[in-house]
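Counting from 1, the numbers follow the sequence of the chain as shown. Just so you know, ligand 1 is whichever comes first in the structure, and atom 1 is the first atom listed for that ligand.
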Amino acid sequence: MSDLRDLYQQVILDHYRAPRNFGALEPVSACAEGYNPLCGDQIKIYLRTDGDRVDGVSFEGVGCAISTASASLMTEAVRGLERPQAEALIASFLALMTGDGEAGVDLGKLEVLSGVKDYPVRIKCATLAWHALRAALEGGDSEAVTTE
Ligand code: ZN
């Protein structure tokens, strides 16, 4: 089990050091910002949709290893999904992190973040990008603040 945890740590550090899909997206359909006052994480999510399909997601911002890795993993996980699938993935990831309800869909690589739920103060770091993506899917130009 500790080997698995080491592997998870490596994936998180890899995505922190070399975040995927980092930078503004052009053209863009919607943006949303997130701020986690507990840790100081700030993130901006760029979303491009093609009809109901998520054509691309990128992010910018400054944050800790957990918030950056979570955003990076998220951009890879949601690209190419249809909107309902993306919403289901967001709901499942948030359920995993908060322990509130069942993860409805297979989270795949996102499972590497499952260890974060043992550290309650870091959960908001992990969920920040996801709340912002949800805001962007709902139309964007709003700010998601992880207050609970
Ligand atoms: Zn953080």
Side-chain angles (χ1 to χ4, degrees), residues 1-26 28-49 54 56-81 83 85-148:
M1 198 61 199
S2 67
D3 285 351
L4 188 63
R5 191 146 277 204
D6 286 349
L7 175 70
Y8 284 6
Q9 291 283 0
Q10 281 175 24
V11 173
I12 289 169
L13 281 175
D14 176 47
H15 276 262
Y16 175 52
R17 291 182 181 133
R20 318 300 197 265
N21 304 302
F22 190 84
L25 200 62
E26 190 67 46
V28 67
S29 306
C31 296
E33 293 182 48
Y35 174 52
N36 173 16
L38 283 180
C39 182
D41 307 313
Q42 278 183 293
I43 207 161
K44 183 170 187 181
I45 297 291
Y46 297 85
L47 169 71
R48 182 167 62 227
T49 49
V54 177
V57 178
S58 72
F59 76 104
E60 283 182 327
V62 277
C64 64
I66 298 293
S67 67
T68 303
S70 184
S72 175
L73 285 158
M74 181 188 78
T75 62
E76 291 194 318
V78 297
R79 190 197 301 179
L81 296 183
R83 180 179 289 264
Q85 293 175 308
E87 286 166 354
L89 187 69
I90 293 168
S92 292
F93 182 78
L94 294 178
L96 172 75
M97 282 296 132
T98 59
D100 190 17
E102 292 282 307
V105 300
D106 181 12
L107 292 166
K109 204 175 174 186
L110 297 166
E111 291 280 349
V112 300
L113 290 159
S114 61
V116 173
K117 65 176 183 287
D118 296 334
Y119 304 92
V121 294
R122 311 313 300 275
I123 290 172
K124 294 177 187 69
C125 302
T127 59
L128 182 65
W130 297 78
H131 284 293
L133 176 62
R134 180 180 267 174
L137 280 167
E138 286 169 358
D141 293 327
S142 61
E143 187 177 30
V145 179
T146 51
T147 53
E148 50 180 316

Query - Sub-4.5 Å side-chain heavy-atom contact between Lys124 and Cys39 - result: no
Requested in this report: Count the heavy atoms of every other residue, nucleotide or ligand shown that sit under 6.0 Å from CZ of Arg17, and state whether that count exceeds 12.
Outcome: no
Report task. Answer yes or no: is there a side-chain heavy-atom contact under 4.5 Å between Leu94 and His131? Result -> yes
Report task. Not counting sequence neighbours, which residues clear ring pair (Phe, Tyr, Trp, His ring centres under 6.0 Å) with Phe22? List them please. Result -> Phe59
Requested in this report: With sequence neighbours left out, write down each residue that passes salt bridge (Lys or Arg N to Asp or Glu O under 4.0 Å) with Arg122, or none if nothing qualifies.
Outcome: none
Report task. Not counting sequence neighbours, which residues clear ring pair (Phe, Tyr, Trp, His ring centres under 6.0 Å) with Tyr46? List them please. Result -> none
Query - Residue and atom, protein N/O/S, under 2.8 Å of the Zn ion (ligand 1) - result: Cys39 SG, Asp41 OD1, Asp41 OD2, Cys64 SG, Cys125 SG
